[in-house]
Amino acid sequence: MIVTRFAPSPTGYLHIGGLRTALFSWLWARKNGGKFLLRIEDTDMARNSQQAVKAIIEAFDWVGMSYDEEVYYQSKRFDIYKEYIDKLLTDGKAYKCYMTKEELDVLREEQMAKKERTRYDGRYRDFNGTPPVGIEPVIRIKAPLDGIITFVDGVKGEINIASSEVDDFIIARSDGIPTYNFVVAIDDALMGVTDVIRGDDHLYNTPKQIVIYNALGFTIPKFAHVAMINNEQGKKLSKRDGAVDVMDYKHNGFLPEAILNFLVRLGWSHGDQEIFSIEEMIKLFDPKDINKSSSSYNLDKLYWLNSHYIKQKSDDELSFLLVDFGVDIINNSKKSDILNATKERAKTLVELSSQIKLILEAPKSYDEKAFAKAFKDESAKELLKAFGSSLEALKPQAKEDYHKALEDFVSQNSIGFGKIAQPLRLALLGELSGAGLDEIMEIIGLDESLKRIENITKG
RNA sequence: GGCCCCAUCGUCUAGCGGUUAGGAUCCAUGGUUUUCAUCCAUGUUACCGGAGUUCGAGUCUCCGUGGGGUCACCA
């Protein structure tokens, strides 16, 4: 059985890049009928928060990614880690190191001065003298002194790293709390994780974790390291580049379908296909098709996908989603007219909601420039008034009636369509572009249409 | 700096030794539309550089160059 996991450290929100690796892991587990685990890496007590855990789980819920079993917290598993540390100690595969932080700093400075790679010098590796008093030791693992650590990465292929690059790293701090690379290896092994799909930035942790696996006789899982997502300048994605918190996308009016579709195509592809439903992703995803190179983050396609999925949503679904954006048309009898008039010109739910508000709420003011443009002809106001009168006489109801009213008015007065359309649209919406005039008037009805015409012409 | 990874249109990507180097997005133009948008059509734009290997190289090898990652008692 395939078991994958997502293992965030709860230091803040769920990062958009993190969501992508989580998505890859999730897809791979679901495709194979395996398990997808969520494990919170909170061994650094100083930096975690329960709130961050909540935020991460909330983001998972929002995009609809489900994890199996309970949420694991490493902070609740210290007993387990201790057991394995003791085992390594008694087996002579790990040892206590009494070097202080200060001494370590001195060593590092010396190495840097000599332009050497900074690494622990192994001074306590074979120490069996009397330990210095008053120093709580750290525990270090005995890493191989020579040779090469090799593993086959699922996306990058064979990776070889000289053992000399991996020093006797610390597996438990002086306060007894185990460190990242140790607990990850223990947990992945104990939880039966078969496929570790994670960011490229963990590539160098892999040989370290392999050292642990080997020391404890665990089976080494498959690794797949996914290249980073950079910003448009090719640099690391940061808050300056816009939304990196997954939940920001929710608030900005993006649909989870669009986010997931966007993310799955960032680094992964299936021929020329661009649109993937969740079911298709699950069916088609394979880590072997993940691109080796890093990709740049560019929102153009996300907007395109989002508008695609907005158009696909049913009226009920959309009206439900719109509530969070200040528009409640769930029980509006004109719901589908309203949505049909607006959803094709909205890239986000934010845009959609503001377009709907424009129709539903009479304009409170008119943009100065737009007004000047629409009413630059002296005759414009009279024309609009006349159109209002003709509506009063015709009493149109359906969209088609309004359409005909407009056509007839234009031909009877021998004017171009723009002469009446521009002032009328401004009257109805307060803006010069938007939904079809006939659609708007049908939705708001004759009385409201006349009222809005009167409002702009009375002055 | 050491080590590791990467390199096709602006961006996301297809390509797996022989292609007019394909798709998507963006942009531009035209059409449909009573405006805008949608939709449709068309178009501009790419194999980082240099050596090899080969009858033939975007594809294989090497060397440059550029970019990224990583070098904690963080995760």
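Quick caveat, the model's predicted, so the values are computed rather than measured. Letters A, B, ... are given to chains in the order of the sequence lines, protein chains preceding strands, and every chain is numbered from 1.
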Short side-chain N/O contact from Arg39(A) to OP1 or OP2 of A75(B), under 4.0 Å: no
Steps toward side chain to side chain donor-acceptor pair (under 3.5 Å) verdict (Ser295(A), Arg265(A)): CA-CA 10 Å; Ser295(A) 39; Arg265(A) 282 288 289 105; over 6 Å; no
Sugar-phosphate, base or nothing in reach of His403(A), heavy atoms under 4.0 Å: base
Sugar-phosphate, base or nothing in reach of Thr43(A), heavy atoms under 4.0 Å: sugar-phosphate
Phe36(A) versus Ser25(A), closest heavy-atom pair with distance: CE1-CB, 3.6 Å
Identified pairing partner of C27(B), criterion: Watson-Crick or G-U wobble below 3.5 Å: G43(B)
A28(B) and U70(B), which share atom name P, separated by this distance in whole Å: 38 Å
Interatomic distance where OH belongs to Tyr303(A) and C1' belongs to A24(B) [whole Å]: 18 Å
Residue Glu165(A), side-chain atoms from C-beta onward, closest of A75(B), G2(B), C73(B): G2(B)
Nearest-angstrom distance from the residue atom CG of Asp200(A) to P of G67(B): 17 Å
Spacing of Lys399(A) atom NZ and Ile440(A) atom CD1 [to the nearest 0.5 Å]: 11.5 Å
Backbone of Gln74(A) reached by a side-chain donor or acceptor of Asp42(A) within 3.5 Å: yes
For C60(B), the Watson-Crick or wobble counterpart (both distances under 3.5 Å): G52(B)
Distance between P atoms of U25(B) and G43(B) (Å, rounded): 15 Å
Pair Phe60(A) + Phe6(A): ring centers closer than 6.0 Å: yes
Sugar-phosphate, base or nothing in reach of Lys292(A), heavy atoms under 4.0 Å: sugar-phosphate
Watson-Crick or G-U wobble partner of U65(B), both distances under 3.5 Å: A7(B)
Lys334(A)/Glu442(A) salt bridge by N-O under 4.0 Å criterion: no
Rounded distance in Å between the P positions of G15(B) and C9(B): 16 Å
Ring-ring centroid check Phe218(A) Tyr84(A), cutoff 6.0 Å: yes
Phosphate-side-chain proximity, Arg119(A) and U70(B), N/O vs OP1/OP2 below 4.0 Å: no
Protein-nucleotides 11-13 of chain B N/O pairs closer than 3.5 Å?
residue : atom : partner   : partner atom : Å
C12(B)  : OP1  : Ser296(A) : N            : 2.4
C12(B)  : O2'  : Arg265(A) : O            : 2.8
C12(B)  : O2   : Lys301(A) : NZ           : 2.7
U13(B)  : OP1  : Gly267(A) : N            : 2.3
U13(B)  : O3'  : Ser269(A) : OG           : 3.2

Taking every non-hydrogen atom, the tightest pair across Asn306(A) and Gly253(A): ND2-O, 3.1 Å
At a cut-off of 3.5 Å, list every protein nitrogen or oxygen paired with a nitrogen or oxygen from nucleotides 36-39 of chain B, distance to 0.1 Å.
residue : atom : partner   : partner atom : Å
C36(B)  : O2   : Arg345(A) : NH1          : 2.2
C36(B)  : O2   : Gly434(A) : O            : 3.2
C36(B)  : N3   : Arg345(A) : NH1          : 2.2
A37(B)  : O2'  : Glu344(A) : O            : 2.8
U38(B)  : O3'  : Lys311(A) : NZ           : 2.9
C39(B)  : OP1  : Lys311(A) : NZ           : 3.3

Any donor-acceptor N/O pair, Arg345(A) side chain to Glu351(A) backbone, under 3.5 Å: no
Report all side-chain donor-acceptor pairs from residues 147-154 of chain A shorter than 3.5 Å, counting only partners two or more places apart or in another chain.
residue   : atom : partner   : partner atom : Å
Thr150(A) : OG1  : Asn160(A) : OD1          : 2.7
Asp153(A) : OD1  : Val155(A) : N            : 2.8
Asp153(A) : OD1  : Lys156(A) : N            : 2.9
Asp153(A) : OD1  : His225(A) : N            : 3.3
Asp153(A) : OD2  : His225(A) : N            : 3.1
Asp153(A) : OD2  : His225(A) : ND1          : 2.6

Nucleic acid contacts - residues 201-209 of chain A versus RNA chain B, non-hydrogen atoms under 4.0 Å: Asp201(A), His202(A), Leu203(A), Tyr204(A), Asn205(A)
Sugar-phosphate only, base, or nothing, as touched by Ile275(A) at under 4.0 Å among non-hydrogen atoms: nothing
Minimum heavy-atom distance between Thr4(A) and Val193(A), given as atom pair plus value: CA-CG1, 4.5 Å
Cation-aromatic face contact Arg140(A)/Tyr124(A), 6.0 Å, 45 degrees: no
Ring centroid separation Phe262(A) to Tyr297(A) under 6.0 Å: yes
Value in whole Å for how far the C1' atom of U33(B) lies from CG of Asp438(A): 11 Å
Watson-Crick or G-U wobble partner of G17(B), both distances under 3.5 Å: none
Interatomic distance, Lys156(A) NZ vs G68(B) P [rounded to whole Å]: 14 Å
Contact summary for Lys208(A) and Phe169(A), nearest pair of heavy atoms: O-CZ, 3.4 Å
Counterpart base for U70(B), defined by Watson-Crick or G-U wobble contacts under 3.5 Å: G2(B)
Rounded distance (Å) that lies between atom C1' of A14(B) and atom CG of Leu284(A): 15 Å
Test side chain to side chain donor-acceptor pair (under 3.5 Å) applied to Asn205(A) and Tyr180(A), step by step: CA-CA 9 Å; Asn205(A) 291 142; Tyr180(A) 173 75; 4.7 Å; no
Nearest-0.5 Å distance that lies between atom CD1 in Ile359(A) and atom NZ in Lys357(A): 13.0 Å
Between C40(B) and C4(B) - P atom distance, rounded Å: 49 Å
Interatomic distance at C1', C55(B) relative to G68(B), whole Å: 39 Å
Residue from Asp187(A), Asp195(A), Asp188(A) passing salt bridge (charged side-chain N to carboxylate O under 4.0 Å, His left out) with Arg5(A): Asp188(A)
Pair Arg452(A) + Glu448(A), salt bridge at N-O below 4.0 Å: yes
5' precedence on RNA chain B between Asp300(A) and Leu104(A) (nearest-nucleotide basis): Asp300(A)
Write down the protein N/O and nucleotide N/O pairs, taken from nucleotides 27-29 of chain B, whose separation is under 3.5 Å; answer none if there are no such pairs.
none

Side-chain-base donor-acceptor pair under 3.5 Å for Ser174(A) and C73(B): yes
Whole-Å gap separating C1' (C5(B)) and CG (Asn160(A)): 13 Å
Dump every N/O contact between nucleotides 43-50 of chain B and the protein below 3.5 Å, one line per pair.
none

More than 12 heavy atoms from other groups under 6.0 Å of CG on Asp146(A): no
Atom pair distance, as rounded to whole Å: CD1 in Ile186(A) and C1' in A75(B): 17 Å
